[in-house]
Number of protein chains: 2
Amino acid sequence: MPFVDNIGFLMSRASGQLVRATNAALADEGLRVRQYSVLALVCESAQGESQRDLAEVLGLDPSQVVALVDDLDRAGLVERRPSPADRRTKLVVPTDRGRAVRERAAERADARLTDALGALTAAEQETLRALLARVVDLDVTPRVSP
Amino acid sequence: MPFVDNIGFLMSRASGQLVRATNAALADEGLRVRQYSVLALVCESAQGESQRDLAEVLGLDPSQVVALVDDLDRAGLVERRPSPADRRTKLVVPTDRGRAVRERAAERADARLTDALGALTAAEQETLRALLARVVDLDVTPRVSP
DNA sequence: TATTGTTATACTCTATAACTATA
DNA sequence: TATAGTTATAGAGTATAACAATA
């Protein structure tokens with residue numbers, strides 16, 4: 001099989017395309033996709049997310065999350081709040097402005113993403129999504145003590 | 001739809017997983033996936049590939065290809081040869097050692113890739129590959145004068 | 001005038017190690 | 001002793017701009 005049909009190569013190129021398209025869509029809101037992913041997650045959370053949990057879900061090193069939260073904090077989109085349960089932990093919560101920006105950003109990003117996936121029908125996009133979800137295997141083991 | 005189901009996010013995570021797995025597989029041969037992709041392409045080519053064509057197929061900037069070919073050249077895996085047709089163009093061709101290394105590297109990389117895609121059946125992997133190919137749209141316009 | 005390869009530069013992303021404060 | 005957050009650093013990847021040789 002020719003190299004250009006290699007599934008890893010195709011995945012890498014496709015991912016790059018989607019990231020570039022999303023970054024372009026988010027530029028108007030002053031965001032990049034990694035910052036946006038943190039903002040989106042904390043906007044979906046009820047009481048805020050610890051940086052450790054953000055790192056796990058996003059597949060990033062905790063030290064990277066620090067920088068991303070710093071960016072969002074500086075932009076006034078999120079805040080760090082002390083966790084009532086554990087004084088080591090900081091819960092990242094969105095500000096009102098953060099929620100508003102997230103909503104606009106989501107619309108723009110989704111529109112561009114749909115565009116970038118225009119070669120596929122809606123059903124095919126759904127198939128692709130399901131297959132990717134199984135490759136990634138986000139089944140985070142429930143956090144019970146071992 | 002929760003952010004973790006976003007197709008762009010899933011693609012990015014999946015791509016990262018595959019790249020890491022492939023890089024780990026290639027480490028024994030002293031290669032990384034980007035260098036390997038150049039080596040694989042020139043090994044498949046009859047008379048060698050120009051750096052411009054490599055850049056187009058790989059979706060890279062020509063200046064990045066210079067560095068990758070430099071790496072492979074330094075390792076004795078490829079050579080730059082003058083094109084008989086155009087003195088600006090250099091054709092990148094594999095050395096005998098380059099071909100041998102490429103063969104071993106391909107085996108290792110493919111094995112690891114299959115492993116990383118273990119959650120999917122062979123048929124599902126093929127479906128995924130076909131969908132990705134359409135997203136990427138490698139249909140390079142035939143190089144006829146406009 | 002346009003294209004191929006090249007150099008240079010800057011920024012983003014990824015990967016580790018080590019430190020602090022808490023548990 | 002282990003975990004959450006943080007700082008620091010280095011390397012890899014991405015993105016542009018400009019230049020020489022050639023078409």
Side-chain angles (χ1 to χ4, degrees), chain A residues 8-9 11-13 15-24 26-27 30-38 48-74 78-92 143-146, chain B residues 9 12-13 15-24 26-27 30-38 48-73 78-92 143 145-146:
Chain A
F9 169 67
M11 185 84 79
S12 175
R13 294 236 18 196
S15 172
Q17 277 182 211
L18 299 191
V19 166
R20 274 189 298 276
T22 308
N23 277 335
L26 294 173
L31 290 171
R32 291 181 69 79
V33 68
R34 295 163 92 247
Q35 283 78 8
Y36 170 68
S37 66
V38 170
E49 291 279 322
S50 74
Q51 298 187 187
R52 177 192 175 284
D53 287 349
L54 289 170
E56 186 159 2
V57 173
L58 295 173
L60 300 174
D61 189 88
S63 64
Q64 300 179 52
V65 175
V66 172
L68 297 175
V69 172
D70 281 350
D71 291 341
L72 292 169
D73 187 2
R74 228 176 289 120
V78 305
E79 290 175 4
R80 289 177 170 98
R81 293 204 187 143
S83 163
D86 185 334
R87 292 196 312 187
R88 291 173 303 181
T89 303
K90 296 174 185 175
L91 297 177
V92 182
R143 218 164 315 99
V144 291
S145 302
Chain B
F9 168 67
S12 175
R13 293 232 25 191
S15 172
Q17 277 181 210
L18 298 191
V19 167
R20 274 189 298 275
T22 308
N23 276 336
L26 294 172
L31 290 171
R32 291 181 69 78
V33 69
R34 295 163 92 246
Q35 284 77 8
Y36 169 68
S37 67
V38 170
E49 291 279 321
S50 75
Q51 297 186 187
R52 178 193 174 282
D53 287 349
L54 288 170
E56 185 159 4
V57 173
L58 295 174
L60 301 173
D61 189 88
S63 63
Q64 300 179 51
V65 175
V66 172
L68 297 175
V69 172
D70 281 351
D71 291 342
L72 292 170
D73 187 2
V78 304
E79 289 175 5
R80 288 177 170 98
R81 293 201 187 146
S83 163
D86 185 335
R87 289 196 315 187
R88 291 173 303 182
T89 302
K90 297 174 184 174
L91 297 178
V92 182
R143 218 164 316 100
S145 301

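Please read these numbers as outputs of a predicted model, since none were measured by experiment. Each chain gets a letter, A, B and so on, in the order the sequences are listed, and its residues count up from 1.
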Practice task
Show the numbers, then the answer: is there a side chain to side chain contact (heavy atoms under 4.5 Å, CB included) between B:Q51 and B:V69?
Solution key: CA-CA 8 Å; B:Q51 297 186 187; B:V69 172; 4.1 Å; yes
Problem - Presence of A:R80 side-chain N/O under 4.0 Å of D:dT6 phosphate oxygens OP1/OP2 - result: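 Result: yes.
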Exercise for the section: Check whether any side-chain nitrogen or oxygen of B:R32 sits under 4.0 Å from OP1 or OP2 of D:dG13, and answer yes or no. Expected result: yes
Handout entry: Residue pair B:R13 / A:V57: nearest heavy atoms and the distance that separates them
Key =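 Looking at all heavy atoms of both residues, the closest pair is NH1-O, 2.7 Å.
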Nearest-angstrom distance from the residue atom [atom1] of [X] to [atom2] of [N]:
| X | N | atom1 | atom2 | result |
| --- | --- | --- | --- | --- |
| A:D53 | D:dA4 | CG | C1' | 10 Å |
| B:L26 | D:dA12 | CG | P | 14 Å |
| B:R13 | C:dC13 | CZ | C1' | 15 Å |
| A:R52 | D:dT6 | CZ | C1' | 16 Å |
| B:L68 | C:dT6 | CG | P | 12 Å |
| B:Q51 | C:dT3 | CD | P | 17 Å |
| B:F9 | C:dC13 | CZ | C1' | 15 Å |
| B:N23 | C:dC13 | CG | P | 18 Å |

Heavy-atom side-chain contact between [X] and [Y] under 4.5 Å:
| X | Y | value |
| --- | --- | --- |
| A:M11 | B:S15 | yes |
| A:E79 | A:V92 | no |
| B:L91 | B:P82 | no |
| B:V33 | A:F9 | no |

Practice task
Could you list the residues that satisfy salt bridge (Lys or Arg N to Asp or Glu O under 4.0 Å) with A:D61, not counting sequence neighbours?
Solution key: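 Salt bridge (Lys or Arg N to Asp or Glu O under 4.0 Å) list for A:D61, sorted by chain: empty.
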Completion exercise
In B/S/- notation (B base, S sugar-phosphate only, - none; protein heavy atoms under 4.0 Å), nucleotides 14-23 of chain D written 5' to 3' is BSB----BBS
Exercise for the section: Would you classify A:S83 as touching base, sugar-phosphate or nothing, given that sugar-phosphate means primed atoms plus P, OP1 and OP2, and contacts are heavy atoms under 4.0 Å? Expected result: nothing
Any N/O pairs under 3.5 Å between the protein and nucleotides 9-11 of chain C? List them or say none.
none

Practice task
Show your working on side chain to side chain contact (heavy atoms under 4.5 Å, CB included) between B:V38 and B:D71 and close with a plain yes or no.
Solution key: CA-CA 10 Å; B:V38 170; B:D71 291 342; over 6 Å; no
Problem - Short N-O contact, B:R80 and B:D70, less than 4.0 angstrom - result: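 Yes, this pair counts.
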Exercise for the section: Would you mind telling me which of C:dG5, D:dT7, C:dT6 lies closest to the side-chain atoms of A:D70? Expected result: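 The closest nucleotide is D:dT7.
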